Asks: 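Let me begin by handing over the structure; questions about it come next.
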Amino acid sequence: MGAPAGLPAVMRLYVETYGCQMNVADTELICGLLAGEGFESTTDPSRADVLLVNTCAVRDNAEQRVIGRLSELRRYKRPGIVLGVVGCMAQRLGQQLLDRVSHVDLVIGPDGYRALPELIEGARRGNRATETRFKAWEHYEDVPALRGDGPRAFVTVQRGCDYRCTFCVVPITRGRERSRRLADVVAEVENLVDHGISEVTLLGQTVNSYNDGQHDFADLLSAVGTVEGIRRVRYTSPHPNDFSERVLLAMATVPTVCEHVHLPVQSGSSHILKRMGRRYDRRQYEECVANLRRSIPNLAITTDIIVGFPGETEEDFLATESLVRQIGFDDAFTFKYSQREGTGAVRLPAQVPEATKGERLERIIATVREIACSRNLQLIGSREEVLVEGLARRGELLQSRTRANKVVLISGPAEWIGSYLTVRLTGTTGATFTGVPSAAGKELTIVG
Ligand code: SAH
Ligand code: F3S
């Protein structure tokens with residue numbers, strides 16, 4: 001059967017993704033959904049019939065980058081070629097984005113991707129549209145994600161967020177928290193194993209508050225962690241208040257759950273934490289870390305930090321620096337506070353000047369690096385199990401990762417990708433490691 005008049009035989013889809021892992025997972029859903037409609041993916045925007053930009057709204061600079069990128073993508077716009085903005089920035093701006101950027105055809109929020117085929121059809125006939133309604137039930141359960149190659153996969157288990165941190169736009173862009181049914185998650189993970197996946201990362205905005213009405217996050221960790229063929233389970237990001245005894249027990253007793261937690265702290269000052277609406281103070285965060293470390297020996301802990309939140313004094317900032325040293329974070333993502341329309345913090349007095357934010361960011365980055373480096377130096381000489389993930393970005397080396405999420409570059413043949421090896425850590429740049437494969441205390445000679 002031929003293609004309908006005026007339509008190319010095969011429609012080509014180009015997607016660019018910004019922001020967090022959940023956006024990466026959403027892009028995989030979008031690609032899967034459109035593959036089901038006969039679309040082929042392309043990495044070349046000049047060959048695409050549909051170009052989508054999956055966006056982040058968490059900080060203003062993320063949005064500015066997208067605006068800049070949309071101007072560049074304009075050159076691919078010809079009659080019949082569709083340009084769409086999807087994700088959190090699309091949800092936040094909706095119609096405003098259509099009004100502001102005249103060459104954008106579609107604006108679709110995180111709950112609206114099922115409408116893509118129909119809206120793309122319409123856009124090809126010149127109908128520009130937005131779809132930003134929240135759907136409290138939406139998990140794209142029947143949409144098969146189209147994932148890249150490699151032994152690892154993201155699995156979204158919870159969407160939305162019911163916390164209301166005063167700096168954060170996510171509850172505005174992703175709606176209310178809801179969890180997928182445990183049985184559906186397990187079925188997806190079983191299917192991933194059949195496709196060569198052995199490591200999964202469970203995703204949610206406060207993933208450890210997962211609850212499908214019958215099961216909590218501890219049940220989920222146990223169920224996913226015991227799927228045959230799964231060797232590693234990770235999750236991101238938990239909230240400190242949602243680490244129940246049951247979750248700690250599951251982490252400690254399910255052998256596939258990795259010894260790494262990404263636990264956003266945001267600030268080391270209780271005064272600022274209160275203004276942020278984080279619902280814990282410094283002491284409670286410290287206790288949470290102590291409980292985790294007691295349950296899981298050799299746990300690596302990474303975090304997110306915001307500097308320059310309204311009202312942050314030099315003393316508050318120094319409290320954050322001291323917390324970084326005290327906890328001994330293995331790494332941290334550090335951000336300058338960015339004012340987001342519609343969030344509680346916009347109305348707070350004592351916004352911090354941009355120059356002060358910039359200066360504090362530099363100082364916190366230096367502290368995080370120093371602490372991470374000193375922790376990593378202590379690991380030199382130790383033996384670790386790594387999963388070989390793929391080719392390293394530069395050179396001929398392979399990139400692998402320990403259970404504690406440390407990146408180790410090793411030399412070896414591409415056939416090792418997807419397999420587990422024991423390596424001895426031989427050096428570190430401070431952040432990443434070099435390693436040599438070893439077995440039973442003896443180094444291997446690498447052939448080929
Ligand atoms: N709970 C989510 C948080 C999403 S936002 C999760 O899965 O991690 C990711 C990080 O961005 C936050 O932890 C915070 O450190 C940072 N962030 C969020 N809003 C911000 C803002 N307005 N300005 C600067 N950083 C922000
Ligand atoms: Fe944002 Fe706080 Fe939720 S950081 S995603 S409102 S837990």
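FYI, the numbering just counts along the sequence from 1. Counting convention: from 1, in listed order, for ligands and their atoms alike. Because the structure is predicted, anything quoted here is derived from the model rather than measured.
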Asks: Salt-bridge test for D330 and K406: reply yes if a basic N is under 4.0 Å from a carboxylate O, no otherwise.
Replies: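 Answer for the salt bridge query: yes.
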Asks: Y210: what forms a ring-ring contact (aromatic ring centres under 6.0 Å, His included) with it, not counting sequence neighbours?
Replies: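 Once residues adjacent in sequence are excluded, Y210 has no partner under the ring-ring contact (aromatic ring centres under 6.0 Å, His included) criterion.
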Asks: Are a donor atom and an acceptor atom from the side chains of T132 and Q91 found within less than 3.5 Å of each other?
Replies: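 Note: T132 and Q91 side chains miss the donor-acceptor criterion.
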Asks: Would you verify whether the NZ or CZ of R59 falls within 45 degrees of the ring axis of F335 while also being under 6.0 Å from that six-membered ring's centre?
Replies: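 Geometry flag: set, cation within 6.0 Å and 45°.
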Asks: Name the residues in contact with ligand 1, where contact means a heavy atom under 4.0 Å away: which are they?
Replies: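 Residues V58, R59, F167, G204, Q205, S237, Q266, D304, I306, F335, K336, Y337, S338, R340 each place a heavy atom under 4.0 Å from ligand 1, listed by chain and number.
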Asks: Using a 3.5 Å cut-off and no angle test, enumerate the donor-acceptor pairs between side-chain atoms of residues 218-230 and protein atoms at least two apart in sequence or in another chain.
Replies:
residue, atom, partner, partner atom, Å
D219, OD1, R246, NH2, 2.8
D219, OD2, D216, N, 3.0
D219, OD2, R246, NH2, 3.4
S222, OG, A218, O, 3.0
T226, OG1, S222, O, 2.7
T226, OG1, A223, O, 3.3

Asks: Sort by chain and number the protein N/O/S atoms found under 2.8 Å from atom 1 (Fe) of ligand 2.
Replies: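 Near atom 1 (Fe) of ligand 2, below 2.8 Å, one finds C168 SG.
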Asks: With a cutoff of 4.0 Å, is R278 in contact with ligand 2, counting heavy atoms of the residue only?
Replies: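 Distance cut 4.0 Å: R278 passes for ligand 2.
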Asks: Mind telling me whether Y140 and Y113 have parallel, tilted or perpendicular rings, with 30° and 60° as the class edges?
Replies: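 Because their plane-to-plane angle is under 30°, the rings of Y113 and Y140 count as parallel.
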Asks: Using a 4.0 Å cutoff against the non-hydrogen atoms of T206, which atoms of ligand 2 qualify?
Replies: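 The list of qualifying atoms is 7 (S).
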Asks: Less than 4.5 Å apart, any side-chain heavy atom of H260 and any of R401?
Replies: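 No, side chains not in contact.
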Asks: Test the R231-Y420 pair against the cation-pi criterion, namely NZ or CZ under 6.0 angstrom from the six-membered ring centroid and within 45° of the ring axis.
Replies: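 Cation-pi check for R231 and Y420: passes.
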Asks: Kindly indicate whether the side chain of E177, heavy atoms from C-beta on, has any atom under 4.5 Å from the side chain of Q205.
Replies: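 No, every pair of side-chain atoms sits at 4.5 Å or beyond.
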Asks: Do V107 and Q95 make a side-chain contact, defined as non-hydrogen atoms from C-beta onward lying under 4.5 Å apart?
Replies: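 SC-SC contact between V107 and Q95 ruled out.
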